[in-house]
Structures are given as structure tokens and as C-alpha cells.
Amino acid sequence: MSNHFKIAILISGRGSNMNSIIEAVKKGEINASLDVVISNNPEAKGLETAKEHGIDTKAFDLNSYTSRAEFDLAIIKFLKPRNIDLVVLAGYMLLVGADFVSAYKSNMINIHPSLLPSFIGRRPHQQALDYGVKLAGCTVHFVTEGLDDGPIIMQAAVPLLEDDNEASLAARVLKEENRILPECVNLIVEGKVKFKRSIRHEKSIN
Ligand code: GRF
């Protein structure tokens, strides 16, 4: 029997963060059903993983659409009849457009592999190494129009080690991503976390 709370996960590649949610649902740690996994990359390994778990999958190829807005609209139209309660961007490499954000408002979260607001955008681990910070980490946040900019739900920090390179730091951070993302999903499923614009966002609105 499918649980009432329905989750859609968007991925672009390996899907380890998606898998951490799948495992948590299977273990009964998240009382929700994984309705569909969507990827902008038809070759994403995570799509295979989802299929192995009997989860619906759908790939949307950006090259088949005339614009990002059209691409996003196709995904929105696909999701609408599925009555999704939460959209999780899990290693999803594209910026979701304004229409997508407003379609899900406070019911869309993202995981970014840095301690936001530091190191937004691409290759945050290299940014951290280049800057010479002593702590790196990851952030789960609600998605707003800005890039990696929404209200923060949870963060986890890891130390940078002397001999770290981008790959070794990424691997250490990924373990924490895989840990906190299902925790955040569960907090939302259980209604323990709600979207609340931070003072910063209020200021930006007024
Ligand atoms: C993760 O570090 C994620 O935060 C980033 O891409 C990496 C791969 O994620 N966006 P996954 O293994 O595909 O979930």
C-alpha cells in the first residue's frame, strides 16, 4: 500500500543521495512513498538504481526542448497529476526555473555540498580547497528562485585534511550528504519542519 505522502526525486547522475532516501523509506525510517525519479540525463546511473527498486522513472532530455522554461514546464506537467507532496533535488545539476519553484513553493528541497552561503554553484569542494577553509560540508535547504539560496534546514561539517584533494574532500562530504538528506526528508514528512523565510529573505522581499 502506498503511503499518503508522495515524493519525487530529481537526479543527474550516480544518485547516491537518492539512494539514501530509498534505503530510509525501505527501512521504514521515512513514512512516505517514492512516486518517481526524474533525471535530465537519460544515462544517469541513478535511474537504473531506481528501476531496480521498482520506482517509476522518467528522463527529460534538455536537447528535446527549445528552452529551459519549456523543459521545466514539461517536468511540471508530468508531475502535476501525480500530486507530489515533496520534490527533492538530489544531485540535480540544473537550476530550476521560477515556474518550477512557484509550482512547488515550500515543497522543494535541495542538497548542496558546501556550508552555504559559502561556495555556491559548481565545484564547491575545489572552492573550499582554494580558499583554505578548515571546515567544509553540506547543506539541505528549501529551493527558492536564487541559486543555492533558500532557507536552510540542516547542515553538516567535515574537516579539511592536509592532503585533501577535490575527490577526497567530496567523498568525505558525500557521506554526510547521504546522512542528512533522509533526515531532512523525514522531518518534512513528519511536519516537523516548515518553510519559513529567513530575515534575509524577508529583507530581500520588502
Ligand atoms: C553530490 O555531492 C551532490 O551534492 C552534488 O552531486 C554529487 C553527486 O550526488 N550535487 P549523487 O551521488 O548523484 O546523489
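For ligands, and for the atoms within them, numbers begin at 1 and follow the listed sequence.
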List, pair by pair, the atoms of ligand 1 and of the protein that are both N or O and lie under 3.5 Å apart, giving the separation rounded to 0.1 Å.
| from | atom 1 | to | atom 2 | distance (Å) |
| --- | --- | --- | --- | --- |
| ligand 1 | 2 (O) | E177 | OE1 | 3.2 |
| ligand 1 | 2 (O) | E177 | OE2 | 2.9 |
| ligand 1 | 4 (O) | E177 | OE1 | 2.4 |
| ligand 1 | 12 (O) | R14 | NE | 2.7 |
| ligand 1 | 12 (O) | R14 | NH2 | 3.1 |
| ligand 1 | 12 (O) | S16 | N | 3.0 |
| ligand 1 | 12 (O) | S16 | OG | 2.6 |
| ligand 1 | 13 (O) | G15 | N | 2.8 |
| ligand 1 | 14 (O) | S16 | N | 3.2 |
| ligand 1 | 14 (O) | N17 | N | 2.9 |
| ligand 1 | 14 (O) | N17 | ND2 | 3.1 |

(message) Taking V36 as the starting point, is it possible to reach L181 by hopping between hydrophobic residues whose side chains are less than 4.5 Å apart?
(response)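 Not linked; separate clusters.
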
(message) So, using salt bridge (Lys or Arg N to Asp or Glu O under 4.0 Å) as the criterion, who are the partners of R68 when residues are at least two apart?
(response)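 Not a single residue meets the salt bridge (Lys or Arg N to Asp or Glu O under 4.0 Å) criterion with R68.
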
(request) Evaluate the criterion side chain to side chain donor-acceptor pair (under 3.5 Å) for residue pair N40 and S12; output intermediate values, then yes/no. (result) CA-CA 6 Å; N40 62 298; S12 294; 2.6 Å; yes

Identify every side-chain donor-acceptor pair in residues 150-157 under 3.5 Å, counting partners at least two apart or on other chains, and give the distances.
| from | atom 1 | to | atom 2 | distance (Å) |
| --- | --- | --- | --- | --- |
| Q155 | NE2 | L116 | O | 3.0 |
| Q155 | NE2 | T139 | OG1 | 2.8 |

(request) Can you sort out the partners of K45 under side-chain contact (heavy atoms from CB on, under 4.5 Å), two or more places apart, ordered by chain and number? (result)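 Here the qualifying residues are T49.
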
(message) Are there over 12 heavy-atom neighbours, none belonging to F78, within less than 6.0 Å of that residue's CZ?
(response)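 Yes, the 6.0 Å shell around CZ holds more than 12 heavy atoms from other groups.
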
